[in-house]
Asks: 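Got a structure for you, written out below as structure tokens; questions coming shortly.
Atoms within each ligand, like the ligands themselves, are counted from 1 in listed order. Note: hydrogens, waters and symmetry copies are ignored here, and every other heavy atom, side chains too, is used.
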Amino acid sequence: MRVALGIFSKIKGWFSLSSDIGIDLGTASILVHVKDKGIVLCEPSVVAIDKDSGKLYAVGSEAQKMLGRTPGNIVAIRPLREGVISDYSSTERMLKYFIRKVTKNRIFKPRIMICVPSGVTEVEERAVVDAGTQAGGRQVYLIEEPIAAAIGAGLDISRACGCMVVDIGGGTSDVAVISLGGIVVSDSIKVAGDRFDDAIVKYIRKKHNAVIGDRTAESVKINIGSVYKMDEEKSMEVRGRSLLSGLPMSITITSEEIREALDEVAVQIVDTVHSVLERTPPELVGDIAENGVALTGGGAMISGLDKLLMEKTGIRVYLADDPLSCVAKGTGAALDNLHVLRDKSSCVYDQQE
Ligand code: ADP
Ligand code: MG
């Protein structure tokens with residue numbers, strides 16, 4: 001009996017080796033979710049390429065360290081930065097690299113669901129699916145980002161009841177109203193976390209006559225950035241280069257200053273939410289007012305965004321649990337719920353069709 005059970009659990013183990021994979025191919029980071037295991041990989045969407053040989057030099061966090069620090073023959077890029085695939089072959093190679101990394105030693109080919117940024121064209125989607133297939137996907141599906149974000153945030157999208165999700169990534173912000181497994185109204189803008197960083201760089205250049213790098217700007221945003229008055233204001237010292245002397249200098253900046261810098265970008269996000277609500281059928285607006293608006297994506301973690309949106313829309317807004325992983329979790333979970341996804345375009349490519 002014990003032997004039979006042992007064999008059974010071994011066989012079960014093999015099957016789980018072939019389990020479903022969900023990939024969030026984000027503009028800032030790529031996350032991989034494996035069924036029964038959770039998030040197994042989270043790396044920046046960055047590749048470094050040797051221009052002379054065309055070879056992939058580094059991928060993910062290794063490549064990120066090289067951004068802005070490469071010698072002439074090596075380029076480090078974020079191929080999805082603006083929410084479109086600016087560099088086709090790098091994206092494909094990056095995706096294949098990560099899929100192979102999590103699927104090596106697998107006996108059976110997995111089913112793969114991939115979530116791509118909403119600005120990606122059909123041709124680019126096709127390239128993503130091909131990369132998934134070449135990397136060993138038995139079936140490769142695509143899912144729209146707001147649907148994945150909503151599932152990952154724990155919303156029940158299958159009901160005839162409107163829910164709203166605002167996903168703010170690095171390059172794009174997606175606002176969508178979902179009901180019966182499909183998107184009813186949506187909008188996407190190329191204004192998100194990266195724009196906050198750019199606004200900080202510009203502000204410090206103008207106000208303090210100093211240049212700081214993107215990574216420094218991001219850490220300022222994460223440490224003291226806010227878009228709504230904070231209970232306790234903060235300050236931080238940063239190092240940059242003086243525009244006047246060209247030499248290194250350190251500046252102390254306050255959270256009030258950063259809020260002023262971020263205001264314009266925050267307004268654009270608020271306006272997009274507003275315009276989607278304006279276009280939403282009244283019944284669904286009623287549902288949203290009752291259920292609240294879920295915020296997902298790393299960019300949504302900026303302090304005070306929930307309060308700002310709540311003040312401007314009069315609707316309850318809340319940050320989902322673990323906002324950075326919502327899309328990846330939802331993408332993985334969607335493979336169990338293919339029947340719920342009403343819109344055919346939610347899963348366009350089935351390689352076995
Ligand atoms: P994408 O889905 O486009 O890959 P992510 O959901 O990974 O993007 O979010 C990346 C963005 O989130 C970046 O702009 C990053 O600076 C920002 N971010 C991450 N953590 C925080 C935080 N604690 N506060 C504010 N912004 C954050
Ligand atoms: Mg995302």
Side-chain angles (χ1 to χ4, degrees), residues 22-33 39 41-47 60-61 64 67 78-86 91 94-95 98 113-120 128 142-153 165-176 188-201 212-228 230 234 236 255 258-259 261-262 265-266 269 294-306 308 319-332:
I23 301 173
D24 170 12
L25 185 59
T27 64
S29 34
I30 175 162
L31 282 84
V32 182
H33 179 275
I39 309 282
L41 182 146
C42 171
E43 298 240 13
S45 319
V46 184
V47 283
S61 30
Q64 190 183 38
L67 275 176
R78 282 179 53 191
L80 292 131
R81 194 186 156 100
E82 299 285 322
V84 289
I85 299 185
S86 60
T91 307
M94 179 173 77
L95 189 58
F98 286 127
M113 176 76 86
I114 306 174
C115 178
V116 289
S118 43
V120 165
V128 166
L142 293 183
I143 184 165
E144 288 168 293
E145 190 155 17
I147 302 266
I151 299 175
V165 56
V166 178
D167 180 85
I168 302 175
T172 56
S173 295
D174 288 274
V175 181
S188 175
I189 50 167
K190 290 198 169 82
V191 173
D194 294 341
R195 283 292 179 86
F196 284 131
D197 303 348
D198 297 346
I200 292 172
V201 172
I212 60 163
D214 291 344
R215 300 290 300 273
T216 308
E218 186 183 21
S219 81
V220 169
K221 172 183 75 177
I222 292 174
N223 286 310
I224 64 166
S226 70
V227 292
Y228 197 85
M230 296 168 110
K234 299 177 188 168
M236 183 181 169
S255 50
I258 298 304
R259 193 154 56 246
L262 302 183
V265 179
I269 296 173
L295 296 180
T296 64
M301 289 160 80
I302 187 95
S303 168
L305 187 66
D306 48 353
L308 180 72
L319 190 62
D321 280 346
D322 197 2
L324 276 165
S325 317
C326 282
V327 170
K329 279 189 207 154
T331 304

Asks: Return all protein N, O or S atoms below 2.8 Å from the Mg ion (ligand 2), chain by chain in residue order.
Replies: E145 OE2

Asks: Could you tell me whether a side-chain N or O of S86 sits under 3.5 Å from a main-chain N or O of P79, the two making a donor and an acceptor?
Replies: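 Checking the backbone N and O of P79 against the side chain of S86, a donor-acceptor pair under 3.5 Å is found.
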
Asks: With rounding to the nearest 0.5 Å, note down the distance linking CG in L319 to CG in L305.
Replies: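 Taking CG in L319 and CG in L305, the distance rounds to 8.5 Å.
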
Asks: Examine distances only and state if a side-chain atom of R78 and a backbone atom of T27 form a donor-acceptor pair shorter than 3.5 Å.
Replies: yes

Asks: Test your reading of the model: is there a side-chain donor-acceptor pair from S45 to the backbone of G26, 3.5 Å cut-off?
Replies: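 Here the side-chain-to-backbone pair exists.
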
Asks: Give me the one residue out of R259, K221, K234 that meets side-chain contact (heavy atoms from CB on, under 4.5 Å) with S226.
Replies: R259

Asks: Looking only at atom types and distance, does a side-chain atom of E43 sit under 3.5 Å from a main-chain N or O of I30, one as donor and one as acceptor?
Replies: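 It does not hold such a pair.
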
Asks: Is any side-chain heavy atom of T91 less than 4.5 Å from a side-chain heavy atom of L25?
Replies: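 Yes - at least one pair of side-chain heavy atoms lies under 4.5 Å apart.
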
Asks: Protein residues near ligand 1, heavy-atom distance below 4.0 Å?
Replies: G26, T27, A28, S29, G169, G170, G193, D194, E218, K221, I222, G297, G298, G299, M301, I302, L324

Asks: Salt-bridge test for D321 and K329: reply yes if a basic N is under 4.0 Å from a carboxylate O, no otherwise.
Replies: no

Asks: Between atom CD1 of I258 and atom OG of S255, what is the distance when rounded to the nearest 0.5 Å?
Replies: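 Output value for this atom pair is 8.5 Å.
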
